[in-house]
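What follows is one structure encoded as structure tokens, with my remarks underneath.
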Amino acid sequence: MLKVCVIGGGPSGLMAAYTASLVGHQVELFEKNKQLGKKLQLTGHGRCNVTNSCSKDEFFKHIVHNEKFLYSPFSQFSNLDMIQFLKSNGLPTIEEDHGRMFPGSNSSQDVVLLFVELLRKNNVILHMDEACTDLMVEDDKVVGIKTDKGSYSFDVVIVATGGKSFASTGSNGDGYKWANTLDIKVSDLYPGLVSLRTKEIFDLAGLSLQNVGIQVKKDKKVLYKQLGDILFTHEGVSGPGILAMSSYVIHKEPDKIIFDLIPDKSMDEVDAFLLERMNRSSNKQLNHILEMMIPKRLVQYIMDRLNIDDSLKANETTKVQRRSISELLKCLDFEVSSFAGFDQAMITVGGIKTNQIQPQTMESKKIKGLKFVGEVLDLDAQTGGYNLQIAWTTGYVAGSTLNLSSLK
């Protein structure tokens, strides 16, 4: 039997503590907050998008960084395993669009309560409102931890401290600090799944568009190109398509974002379509014709941006004016000012480099008995339950492979 410490009561820490306790190890979990799963309870707007039901191949398409590292852990505990785990423990899931899975109760708190009950049954000792301040390491082997209330000896320490997003929940980057102290390499850290701020100011806040072509550039180089849903904000743009894009390009410092409002047609096809509409209703005001193609507020923005009078009729519109409108419908560009910071980030991009970790056990290659799981690792994914599954998977592997570690 090993004495096991888990630092952090988020999803990866809860899973690690549970799986470690299953095989009879003495497990103690330390959480700096007064409650477990504080960040977990915020996910999915309080409903908790616990995982995704997609196939294995599809799942890995949604991993943004270091998906190959997850091959081995995923073979031990997959998204389908998580769905079965919840069901077998009395918390069946419901599936929504794009395979997103939620607890049938629609309450993230029920997920936390399930783990609390499982840990209680397995005699896991909970140290609530007790922050870990340092790791104790001797001769390249972890021997315990220090907290704001004392020191403890352990055979294994599993670090599940999260990243730097949602700092109000306790994720302030402690895991990175300890790793750096031990010369465990950490990649640069960036806020992930965040909105984008533009240099231009426009009155489009609240306007959402579906299935828009999103292209991001730096100088003339295309950094990202994909379809997605967007939402204009007071500062710039957000929405699922923007959040997904941000994790791919935030570290590349893009300078321009371009929206294709009619991605299923070429420029010439859009121009021909607009001309046909104008010929059919030649006495109509041009803005009313455009409102049949895009939302009214966006029409007003385009007319203002091109300095075209609101009262202009279709039969008064020049070819140059029509063409400029078509071009803007296909290439509505804005200058990038910045991305939102960690205070608005859903996840952290970057973290402890995966080449520092054994994927079969989550153990550090440098320090015996020290494991890292969840968001503290340089692993991240798009929205849709994928990031939480990374936490469940890595936590499960860390806790269930203690007898396979270098301690044996």
Side-chain angles (χ1 to χ4, degrees), residues 4 6-31 33-56 58-59 70 73-128 158 160 162 166 169 362 373-375 381 383-402:
V4 181
V6 178
I7 307 173
S12 60
L14 292 171
M15 183 62 83
Y18 169 67
T19 53
S21 68
L22 277 178
V23 289
H25 296 299
Q26 181 183 327
V27 182
E28 300 186 35
L29 186 152
F30 292 77
E31 169 55 53
N33 292 306
K34 294 181 179 180
Q35 59 181 342
L36 295 171
K38 192 172 181 180
K39 182 176 178 180
L40 181 61
Q41 294 189 51
L42 298 176
T43 61
H45 302 288
R47 297 179 59 219
C48 193
N49 183 186
V50 286
T51 188
N52 196 287
S53 66
C54 66
S55 67
K56 178 181 177 180
E58 183 64 24
F59 187 93
L70 281 171
F74 204 76
S75 68
Q76 297 181 55
F77 191 78
S78 70
N79 54 331
L80 301 184
D81 292 325
M82 184 60 190
I83 294 170
Q84 181 57 40
F85 165 80
L86 293 171
K87 181 180 179 181
S88 64
N89 283 287
L91 191 61
T93 51
I94 53 176
E95 182 173 346
E96 296 191 1
D97 59 307
H98 306 295
R100 295 182 303 146
M101 304 300 292
F102 295 85
S105 62
N106 274 318
S107 172
S108 57
Q109 187 168 1
D110 286 343
V111 180
V112 177
L113 291 175
L114 168 61
F115 276 97
V116 171
E117 180 63 16
L118 292 174
L119 297 183
R120 184 190 65 80
K121 285 181 178 179
N122 288 0
N123 300 311
V124 173
I125 299 171
L126 300 179
H127 297 260
M128 304 305 300
I158 301 174
F166 286 94
T169 65
M362 295 295 121
V373 295
E375 193 179 348
T383 57
Y386 305 102
N387 286 291
L388 261 183
Q389 185 58 50
I390 291 174
W392 304 130
T393 293
T394 55
Y396 178 93
V397 170
S400 63
T401 58
L402 292 174

Residues in side chain to side chain donor-acceptor pair (under 3.5 Å) with [X], at least two apart?
X	value
Ser53	Glu95
Glu58	His62
Tyr18	none
Asp110	Ser105

**Request:** Taking the side chain as every heavy atom from C-beta outward, state whether Lys34 and Met128 have any pair of such atoms under 4.5 Å apart.
**Result:**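 Result no, sub-4.5 Å side-chain heavy-atom pair not found.
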
**Prompt:** Between the side chains of Asn33 and Gln35, is a donor N or O closer than 3.5 angstrom to an acceptor N or O?
**Reply:**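 Absent: no donor and acceptor within the cut-off.
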
**Prompt:** So, the side chain of Gln76 versus the backbone of Val397: is there a donor-acceptor pair under 3.5 Å, distance only?
**Reply:**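 Checking the backbone N and O of Val397 against the side chain of Gln76, no donor-acceptor pair under 3.5 Å is found.
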
Atom pair [atom1]/[atom2] of [X] and [Y] - distance to nearest 0.5 Å:
X	Y	atom1	atom2	result
Asn52	Thr383	CG	OG1	9.5 Å
Gln84	Ser78	CD	OG	10.5 Å
His25	Ser400	NE2	OG	9.5 Å
Ser21	Leu402	OG	CG	10.5 Å
Met15	Leu119	CE	CG	10.5 Å
Lys38	Leu42	NZ	CG	8.5 Å

Suppose we screen for side-chain contact (heavy atoms from CB on, under 4.5 Å). Which residues come up paired with [X], at least two apart in sequence or across chains?
X	value
Lys56	Phe60, Phe74
Val112	Leu36, Leu40, Gln41, Val116
Ala398	Ile158, Met362, Lys371, Val373

How close do [X] and [Y] get, counting heavy atoms only, and between which atoms?
X	Y	result
Pro103	Val111	CG-CG2, 4.0 Å
Leu388	Val50	CB-O, 3.6 Å
Thr19	Gly395	OG1-O, 3.7 Å
Ala160	Ser12	CB-OG, 3.5 Å

**Asked** Looking at residues at least two apart in the chain, or sitting in another chain, which of them share a ring-ring contact (aromatic ring centres under 6.0 Å, His included) with His127?
**Response**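 Testing His127 for ring-ring contact (aromatic ring centres under 6.0 Å, His included), a comparison that skips the adjacent residues, returns Phe30, Tyr152.
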
**Request:** Only counting residues at least two apart or in another chain, list the ones meeting ring-ring contact (aromatic ring centres under 6.0 Å, His included) with Phe102.
**Result:**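 By the ring-ring contact (aromatic ring centres under 6.0 Å, His included) rule, Phe102 matches no residue at all.
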
**Request:** With sequence neighbours excluded, tell me which residues meet salt bridge (charged side-chain N to carboxylate O under 4.0 Å, His left out) with Lys39.
**Result:**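 Residues passing salt bridge (charged side-chain N to carboxylate O under 4.0 Å, His left out) with Lys39: Glu375.
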
**Message:** Tell me every residue that passes salt bridge (charged side-chain N to carboxylate O under 4.0 Å, His left out) with Arg100, counting only those two or more places apart in sequence or in another chain.
**Reply:**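 Checked Arg100 against salt bridge (charged side-chain N to carboxylate O under 4.0 Å, His left out); matches are Glu96, Asp97.
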
**side chain to side chain donor-acceptor pair (under 3.5 Å) contacts in which one or both residues fall within residues 387-397, not counting sequence neighbours** =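 Every side chain to side chain donor-acceptor pair (under 3.5 Å) pair that includes a residue of residues 387-397, provided the two are not neighbours, is Thr51-Gln389, Gln389-Thr393.
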
**Item:** Verdict with supporting geometry, Leu14 and Leu118, side chain to side chain contact (heavy atoms under 4.5 Å, CB included)
**Value:** CA-CA 10 Å; Leu14 292 171; Leu118 292 174; over 6 Å; no

